[in-house]
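Below is one structure, written out as structure tokens; comments come after it.
Excluded from the calculations below are hydrogen atoms, water molecules and symmetry mates; all remaining heavy atoms, backbone and side chain alike, are included. Lettering follows sequence order; numbering is per chain, from 1.
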Amino acid sequence: MKHFTLLLSLLVFVSCSGFTGLNNRGYTKTIAFKSVKEFSGEEIFIKKRLINFFPYDESEEVELKEHLLKFNVPANKEISIYKIETEMDATDVLFSLIPFVTSRTYKIVGMVADKK
Amino acid sequence: MKFFKFLKNYRPIFKATCQGLLTICTLFFLTNCARIEYRSKNSIPIYFSTNMNSTEVFEIEKKLQFFVWGLSPGHHYVDVDSILMANGVKEASKLHIHEFMNWTDKLVSVITLGLFVPYRIKLSGLMLKKGEG
């Protein structure tokens, strides 16, 4: 029981810490964040697992540019992101069992839409 | 007979392995720490890209609370528009979302053994200058 409590507290301590983020650097096309009622155009789905090796490693971020360059967006269109979800899935929990390692998964859903 | 002797010899190792596996399985199911969904209601224009009109930097921090290793609430919805509007932002560009826990949050999590897990999000970016828009 003693070990169980110790492990549990360690896990909560380690797995929930860390810094993660989402940013856009260097991608020049318009990326809007809005709720989309009518779905049209090519769907964009980005799934990225961020692993921090120390609790205060600030380097781990989802760089939107890296993922969005794969999509061919015409000049008269923009990218509309309508859902950003961050969670710890089963793999993240497994990674987080390792001391000083934290893991978190980002899911970003959007589409290529007409500019408004 | 040999099999039972074998079991008797390795009983402590077997017991420890079972306990370890049980602990890991329990933790595995209990730790579904902090699922956060960011969404927009289209109340104000928000862009991840740069908008030339927005020049003033903003930084907003919000505290989220999770209970029972993040199992309650299973899903935390963050209305980005509402938070920005409440802080006087009329249009945001270069939005940057940052998730973190500070030392106090971690300490609280450890003391409560994960029953209460505070979590912080920081929204930063550029907004229209005050008085504009």
From [X] atom [atom1] to [Y] atom [atom2], the distance as rounded to the nearest 0.5 Å:
{"X": "A:Glu61", "Y": "B:Ile97", "atom1": "CD", "atom2": "CD1", "answer": "11.0 Å"}
{"X": "B:Asp81", "Y": "A:Ser35", "atom1": "CG", "atom2": "OG", "answer": "8.0 Å"}
{"X": "A:Ile31", "Y": "B:Ile46", "atom1": "CD1", "atom2": "CD1", "answer": "13.5 Å"}
{"X": "B:Glu37", "Y": "A:Thr86", "atom1": "CD", "atom2": "OG1", "answer": "9.5 Å"}
{"X": "B:Tyr38", "Y": "A:Lys83", "atom1": "OH", "atom2": "NZ", "answer": "14.0 Å"}

Which atoms of A:Ile79 come close to chain B, meaning under 4.5 Å heavy atom to heavy atom: side chain ones, backbone ones, both, or neither? neither
Contact part of A:Lys107 toward chain B, heavy-atom cut-off under 4.5 Å: side chain, backbone, both or neither? neither
Taking a hydrophobic cluster as the set of Ile, Leu, Val, Met, Phe, Trp and Tyr residues connected by side-chain heavy atoms closer than 4.5 Å, whether directly or through intermediates, do [X] and [Y] fall within one such cluster?
{"X": "B:Leu84", "Y": "B:Leu126", "answer": "no"}
{"X": "B:Phe66", "Y": "A:Tyr106", "answer": "yes"}
{"X": "B:Met101", "Y": "B:Ile121", "answer": "yes"}

Do the non-hydrogen side-chain atoms of A:Arg104 and B:Ile36 ever get within less than 4.5 Å of each other? yes
Would you mind telling me which of B:Lys94, B:His75, B:Arg120 has the largest number of heavy-atom pairs within less than 4.5 Å of chain A? B:His75
In terms of heavy-atom proximity below 4.5 Å to chain A, should B:Val78 be classed as side chain, backbone, both, or neither? neither
Which atoms of B:His76 approach chain A - backbone, side chain, both or neither, heavy atom under 4.5 Å: neither
Could you check whether A:Phe33 and B:Tyr47 have their ring centres less than 6.0 Å apart? no
If every non-hydrogen atom of A:Asn24 is compared with every non-hydrogen atom of B:Phe48, which pair is closest and at what distance? ND2-O, 3.1 Å
Please report the shortest heavy-atom distance between B:His96 and A:Asn23, naming the atom on each side. CD2-CB, 3.4 Å
Between A:Leu68, A:Leu64, A:Thr30, which is the residue that forms a side chain to side chain contact (heavy atoms under 4.5 Å, CB included) with B:Ser49? A:Thr30
Counting only heavy atoms not in A:Asn76 (residues, nucleotides, ligands), do more than 12 fall under 6.0 Å from its CG? yes
